[in-house]
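One structure is given below, encoded as C-alpha cells.
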Amino acid sequence: MAALQELVNHYNHWIAVFLMVAGLYVVVARGNMVKKLVGLSLFQTSVYLIYLTPGKIIGGTAPILSDEFTVYSNPLPHVLILTAIVVGIATIALGLALVVRINEAFGSIEEDEIFEKDVEA
Amino acid sequence: MSDQILTIVSWLFLGLGSFFYLVGAFGLFRMPDVFTRMHAVSVSDTLGVGFLITGMAIETGWSLNTARLIIILAIMLYSGPIATHALAQAALHAGVKPKLADNRLKKSRRISATREIAGSSNIQAKSSAPTKSRSRTARKSSSATRGKGRGQSSKR
Amino acid sequence: MEGLTEGLFMYMVAAIAILVALGLAVFRALAGPTVFDRALAANAVGTGAIMLLAIVGFLTGRPEFLDIGILYALLNIIATLAVLKFFRYGDLGHAGEEPKD
Amino acid sequence: MVLLTLMAIVTIGVVRLRNLFAVVILGGIYSFLMASVMIMLDAVDVAMTEASVGAGISTVLMLGTLYLTKMEETRPAHTPLLPLFVAVVTAGGLIYGTIDLPPFGDAAGIIHQHVAPHYLQNSIVETSVPNVVTSVLASYRGFDTLGETVVIFTAGIAVLLLLKGRRPASEPDSNAAKARSRRRRPKA
C-alpha cells in the first residue's frame, strides 16, 4: 500500500526521468544528427513535465480566474514553460538549419562519416 | 422530468459514442492493411466523435460551449475525409497494394483465392510487402468494396 | 475523483474508452509496417486528444477549454496533410501549393 | 497516468526506430500526448503552445530538413554500451533525487506558498486580465517575454544566414529553403 502511494506520488517524476534519460541516450548514442535533435526535444519536453508537475493541485483548476472556483493550480511554471517551449523551437530550428548546411558541405548527416571526411580533407 | 430525459438521452449518446470510438480503434488495431485500417478509423472519426459531441452538447444545453462543440464537429467532419483521401492517394502512389484486392482480376484468380483464405484465417497478418502494380484503378475499386465488407463484419 | 456524481459517470466511461483507443492507436503507430499506418495512427491520436480534451473539460467542470480543441483539430489536419504531401511529392513546397504570404 | 505510460512507450519507439520519417511522425504523436498530459496538469496555455509548436511547426521543420538531407539512419557502428551505462546511472541519480520531492498534487508544497498566491489574488485587480498566465507573461514578466522574442529573432536571423548562401543544387531545393524561412516568420 505504501508502495502504491509512492507510485502515485512520484509517477510523473519517474516518467519525466525516463524521458530525460531516453533523450540523453539518443543524443549520446546515435550518430544521426536529425535523430540527435529529436532526442534533444525529448529532453526538453521532459523538463517541461518536471516543471509542470508540482504546479498541479489535486482538485484545483486551470489558473483562469472565475467566480465559481477558489483553488487554482500554480500559474508560475506555466509562464516559465511557455517561454521555454518557444525558445526550444528556436533552438531546434537553428539546429536543423545547421544540419542542412552540414549535409551540403559533407554530403552526409552521420557523425562518423563526417569525421572521416573531415580527417581526409 | 425533461431534465431527466435529456440526461438519459445524453448518456445514451455518450455510451454509443464510446462504443463506436472503441470499435474504430479496434479496427485500427486488427485490420490487415492500410486501406482497411483507414476504413476502420473513419468509423471512430464520424460515428464515435459525432455521438460523443452530440451527447456533450445535449448535456451542456444552449450555450457558447455548444457552439464550440459544433465547430469542432464540423471541422472534424470536413477534415477526416480530406485526410483519409490524401492518405489513400499517397499510399497508392507509393505502391502500397491493397491486400486481397486482386481476386477480382481474372488472370490471377487461383493464386488470390488461396491468398484470401490465408488472409481471412489470419486477420492480424501484417500487410504484404509493397509491390508495384499497373492496374491501379481496378484494384482501388475492388479494395473499397472488400474493405467495407470486412469492416462491417468485424463491427458486429 | 471526489466529485464523481452520477451525472459524470458516463463521462468517465467515455474518457476510459478514449484512453483505450489512444493506446491502440499508439500501438499501431509503433507496429505499423508502412509509414502510412503511422500517419493514420497519428491522425487517430490527434482525434483522441481532442475528444479527451473535451471530455476532461466536462469532467472537471470547465468546458471553456474547448477552444483549444478547435486548434487541435486544425493542427491535426495540417500535420497530416503536410506528412502526406511530403510522401506524395517528396517536397512540401511542390507545384505552387505553398501558401503565398 | 495512462497517458504518461503511453508517452514512455512512444519514447521507446522513437529511440529504437531508424526510419527518420517514422521518428518524426512519432514525434508528432508524442507532442499530442504531451499536450493531453498538460491539459491534465491544468496547464491549458502551455498545452496549446506545445500542440502548435511540437505537433505543428517542429514536425513541418523536421520534414523539410529530411527532404533536404537523408531519410534513413545508418545502423550504429558500435554497440552503445557506454551511453547506456551513462543513461542508467543518470536515471538512478535522478530517481534518488525525486524521493524528496513533494508528492503529486499536494497543495501544501513549497511552490504554492511564495509568489503564486500574490499573482492569483492580485492579478485581477492590478491587470484586470482573468487569465493569470497571460497577465504574468505579458505584465509582471514582460521583460522575460521581450528577451524571448529577442532569442527567436536571433535564431531566425541565424537560420536565414545559414540557409541563404546555399548553392542551389536543384530548383525545388531552393523552394523548400525559402518555404522554411518563410514559415518561421509568423511564429516570431
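A note on names: the letters A, B, ... follow the listed sequences, proteins ahead of strands, and every chain is numbered from 1. What's counted below: heavy atoms across the whole structure, side chains too, no hydrogens, waters or symmetry copies.
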- Item | Pairs of heavy atoms under 4.5 Å with chain A: top-ranked of D:Val136, D:Thr145, D:Ile95 | D:Ile95
- Sort out for me which of D:Leu101, D:Val86, D:Asp45, D:Leu82 touches chain A most, counting heavy-atom pairs under 4.5 Å.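 Sorted descending by pairs with chain A, the first entry is D:Leu101.
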Atom group of [X] that falls short of 4.5 Å from chain D, counting heavy atoms:
{"X": "A:Leu42", "value": "both"}
{"X": "A:Met33", "value": "neither"}
{"X": "A:Leu76", "value": "side chain"}

- Message: Around atom OH of A:Tyr51, are there more than 12 heavy atoms from other residues, nucleotides or ligands closer than 6.0 Å?
- Response: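 Counting other residues, nucleotides and ligands, OH of A:Tyr51 stays at 12 neighbours or fewer.
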With rounding to the nearest 0.5 Å, note down the distance linking [atom1] in [X] to [atom2] in [Y].
{"X": "A:Ser41", "Y": "D:Met34", "atom1": "OG", "atom2": "CE", "result": "11.0 Å"}
{"X": "D:Ile57", "Y": "A:Ile85", "atom1": "CD1", "atom2": "CD1", "result": "11.0 Å"}
{"X": "D:Leu66", "Y": "A:Leu96", "atom1": "CG", "atom2": "CG", "result": "8.5 Å"}

Minimum heavy-atom separation for [X] and [Y], please, with both atom names.
{"X": "A:Ser73", "Y": "D:Leu120", "value": "O-CD1, 4.4 Å"}
{"X": "A:His10", "Y": "D:Ile99", "value": "NE2-O, 3.7 Å"}
{"X": "D:Leu162", "Y": "A:Arg101", "value": "O-CD, 2.9 Å"}
{"X": "D:Asp42", "Y": "A:Lys56", "value": "OD2-NZ, 3.2 Å"}
{"X": "D:Val159", "Y": "A:Ala97", "value": "CG1-CB, 3.9 Å"}
{"X": "A:Val79", "Y": "D:Val133", "value": "CG2-O, 3.9 Å"}

Highest number of heavy-atom pairs under 4.5 Å with chain D: which of [options]?
{"options": "A:Thr45, A:Leu98, A:Thr91, A:Val27", "answer": "A:Thr45"}
{"options": "A:Ile50, A:Ile81, A:Ile92, A:Thr53", "answer": "A:Thr53"}
{"options": "A:Val87, A:Val26, A:Thr83", "answer": "A:Thr83"}
{"options": "A:Leu52, A:Ile102, A:Leu24, A:Leu80", "answer": "A:Leu52"}
{"options": "A:Val28, A:Val21, A:Asn74", "answer": "A:Asn74"}
{"options": "A:Leu37, A:Val34, A:Leu19", "answer": "A:Leu19"}

- Are side-chain heavy atoms of A:His78 and D:Val44 found at a separation under 4.5 Å? no
- Contact class of D:Leu84 relative to chain A, heavy atoms under 4.5 angstrom: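 D:Leu84 touches chain A through backbone and side-chain heavy atoms alike.
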- Residue D:Tyr140 versus chain A: region with a heavy atom under 4.5 Å: neither
